[in-house]
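Within every chain, numbering begins at 1; the chains are lettered A, B, ... in the order of the sequence lines, protein sequences first and strands thereafter.
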Protein chains: 2
Amino acid sequence: MGRKRVTLADVASAAGVSGTTASLVLSGRGDELRISPTVQQRVREASAALGYRPNIVSIGLRNGSSRTLGFVSDTVATSQLAGDMIKGALETARAHGFMLFIGETEGDPELERQLLDAMLDRQVDGIVLASMFTRTRPLPSGLDQVPAILLNALPEQRTTSIPAVIPDELTAGRAAAQLLLDAGHRSVHLVGAGPGEHDVPPGTVAGVERLAGIRETLHAAGLELASGHLASEWEPRVGWEATHRLLEEWGPGQAIITLNDRLAFGAYQAIQEARLTVPGDVSVVSFDDAPLAQWLRPGLTTFAIPHHDLGRRAVELLVEQIGADGATTGTSSEPVHRVSMPLRERGSVAQRR
Amino acid sequence: MGRKRVTLADVASAAGVSGTTASLVLSGRGDELRISPTVQQRVREASAALGYRPNIVSIGLRNGSSRTLGFVSDTVATSQLAGDMIKGALETARAHGFMLFIGETEGDPELERQLLDAMLDRQVDGIVLASMFTRTRPLPSGLDQVPAILLNALPEQRTTSIPAVIPDELTAGRAAAQLLLDAGHRSVHLVGAGPGEHDVPPGTVAGVERLAGIRETLHAAGLELASGHLASEWEPRVGWEATHRLLEEWGPGQAIITLNDRLAFGAYQAIQEARLTVPGDVSVVSFDDAPLAQWLRPGLTTFAIPHHDLGRRAVELLVEQIGADGATTGTSSEPVHRVSMPLRERGSVAQRR
DNA sequence: TAGCCGGGCTAAGCCGATTTAGCACCCGTC
DNA sequence: GACGGGTGCTAAATCGGCTTAGCCCGGCTA
């Protein structure tokens, strides 16, 4: 510890040249500025011998960039899914030579302010404002100082020019319904929302769009949802209750769409307790592709939230915006980028008997 | 975008004073250096009016600190548990005025090198080297440049002076066995390792210590493990297989310790398929306290990995080391810090009939 | 022999702060 | 009226790198 870092000045004096010369050589402009091969060689050797690494902080101070991004999310820990999003962001950032500051707000606007300030104080080149479940949200001030992007969230005021990256929930909703129709099902139940267009937990983009996609596709086939079960908490207990009641009322032979995998887990438990089986007696389709989905028996067929891709895409767009160096503000053409939700077929859907 | 940041010079010229004066006033040394109240007032007003915020990068360049820590882990995403560890680290860092760079190595030493370099290049004040499951690991070079700490990992060479923070697995192992003994059980089975002292998946500290604690406590009661099931992958499928076979051989009335919650999940499935119940026919105790554990019916009794506390403790120790400012190296007395694993009693253990 | 050109390198300023050393002024004193 | 001693503020150096402008020297031309 405490061994001081090697600076450019150290390299220069070791090579017997000025700092300027050392800088030119090491930044590859040696030939351009006609430094003799002998000297270049000497500088490079000294640099290697001392293990010189440029101080990025200093460079950043000079040219006003830090090769650093801020990633502010409302929650990292509660959702196991979030990790993938961060991972996608981290990998992409690294690939472009950026490091990421991570911050968590717990949904507290005051804390969010503090984190943003702390990041801006550290001269981040851009900000990713992430949400762990898709929702609309107000924008904090200060985002006009640097390029910014919304991840898994939409701006509450649509007047803003900040781009957003979200999963393509609408298309996934359509596909979920179509999957059941293709398997011959005509009695489709929804757990988590519905049956009406507006029966949706407040503030969730996912709920609204998935429901809309499902209803749209059913309508196109001349059908309506057989039942719906609006719930503000999409937890296993709720899935169990809804399914328990649903089976009592309708009996076997149903197709169920659960709005996330935890609801599906509860549905499985209720189906099992009713001495019925998935998918023989009841078909289940879900959303999210939580790790849980592949542990269930049989595996749960579900539309994955493309967390990794979302994180990647957000950082890509941000880096692009930064690369433009603030010169042309109009680099970002499309304000909302939708990332498709891939289907994981695992065996919880069967052809209607 | 692109509205340039307000600098100290801006404040100074707005207040009609020198940069020196502005700096002194804003850093609270105004009285000490006899700046008149009038001028102090003017500076403060100018600062507030312009919304001045000091550039931490610049300050860092001057005094050689960045108020920034690096957090390098092998994996963030795969384990939902990891999030809590990072969260604990983030919160604690913030509380001490630090921001965190997060990096993920995927277990690749080359990538780890690059990440460490990228962080050191950005002048981090300290490094947390984290592992998502407890293990021994070699130390990369360069950790002698700044204070560092191992999180959920132990140094392979015990000669090092780098402190480590790990869960107290041994004590938890003892407590798990004791819990079953107290419930009157005498036939205790282990899934994931055992029955012998050395029947442990290679490289896992958790496996070794949990097994040792379990065996030790059973021995003290004059017992041995009734059976063990060594497995290198602690996944639901394995738990199902082991439990399925175990029930065929031993019948109901057993007590099972699974070495993690995914194994327990598989055990539940096997027990359910054998038309037996938890905890009436079989008691189950586990480790980790994954989210899954509270979703199971009945809830799983398990010893929680204290991820949040681990993250917190690691950063606390690191900040302490940094606070000492490299002056006295011997601030860290104890090299290995053990964090206790709390029991979550949920109802998967019953008194022996 | 003066002037010009180009090769090969360096001095000095800058980024945004902190900090040390010290300047200019006023008042009182001998 | 020179000197001493506060008072109230500022110039300049520093951190570590980049960058512009320009220096010095030798050879060639007029």
Take the protein atom [atom1] of [X] and the nucleotide atom [atom2] of [N], then report the distance between them rounded to whole Å.
X       : N       : atom1 : atom2 : result
L26(B)  : dG16(C) : CG    : C1'   : 13 Å
R34(A)  : dG6(C)  : CZ    : C1'   : 7 Å
D121(B) : dG16(D) : CG    : C1'   : 13 Å
R29(A)  : dC18(D) : CZ    : P     : 10 Å
N63(B)  : dG16(D) : CG    : C1'   : 14 Å
D31(A)  : dG8(C)  : CG    : P     : 11 Å
L24(B)  : dC9(D)  : CG    : C1'   : 9 Å
R42(A)  : dG8(C)  : CZ    : P     : 14 Å

Exercise. Where each residue is assigned the nucleotide of DNA chain D containing its nearest heavy atom, which of L61(B) and P37(B) is assigned the position nearer the 5′ end?
Worked result: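 Counting from the 5' end, the first nearest nucleotide belongs to P37(B).
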Problem set entry | 5' priority, DNA chain D, between G16(B) and P54(A) [closest heavy atom] |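 So the residue in question is G16(B).
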Exercise. Nearest heavy-atom pair of P140(B) and R113(B): which atoms, and what distance?
Worked result: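 Scanning both residues, the minimum pair turns out to be CB-NH1, 4.1 Å.
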Taking the side chain of [X] as its heavy atoms from C-beta onward, which of [options] lies nearest to it?
X      : options                   : result
I59(B) : dC15(C), dT18(C), dT19(C) : dT18(C)
S18(A) : dG17(D), dT10(C), dC9(D)  : dT10(C)
T7(A)  : dC9(C), dT20(C), dG17(D)  : dG17(D)
S23(A) : dT10(C), dC18(D), dC9(C)  : dC18(D)
S58(A) : dA17(C), dG16(D), dT7(D)  : dG16(D)

For this session: May I have the step-by-step check of side-chain contact (heavy atoms from CB on, under 4.5 Å) for H96(A) and L69(A), ending in yes or no?
Result: CA-CA 11 Å; H96(A) 289 86; L69(A) 304 177; over 6 Å; no
Problem set entry | Pairwise distance CZ(F101(A)) to OG1(T68(B)) - rounded to 0.5 angstrom |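 Answer rounded to 0.5 Å: 4.0 Å.
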Exercise. Looking at CG of N63(A) and CD1 of I59(A), how far apart are the two atoms once the value is rounded to the nearest 0.5 Å?
Worked result: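 So the gap between those two atoms works out to 7.5 Å.
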Problem set entry | Y52(A) vs dG17(D): side-chain N/O to OP1/OP2 distance below 4.0 Å |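 True: Y52(A) side-chain N/O within range (under 4.0 Å) of dG17(D) OP1/OP2.
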Exercise. Can you check whether S36(A) has a side-chain N or O nearer than 4.0 Å to OP1 or OP2 of dC9(C)?
Worked result: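 Checking dC9(C) against S36(A), a side-chain N or O does come within under 4.0 Å of OP1 or OP2.
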Under 4.0 angstrom, heavy atoms only, what part of the nucleic acid is [X] near: base, sugar-phosphate, or nothing?
X      : result
V17(B) : sugar-phosphate
V39(A) : sugar-phosphate
T20(B) : base

For this session: Would you tell me whether D74(A) and S131(A) have side-chain atoms, one donor and one acceptor, within less than 3.5 Å of each other?
Result: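 Per modelled atom types, D74(A) and S131(A) side chains form a pair under 3.5 Å.
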Exercise. Quick one: the side chain of R62(B) and the base of dT14(D), do they pair up donor-acceptor inside 3.5 Å?
Worked result: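 In this structure, the two groups form a donor-acceptor pair.
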Exercise. Do K87(A) and D84(A) meet the salt-bridge criterion of a basic N to acidic O distance under 4.0 Å?
Worked result: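 No.
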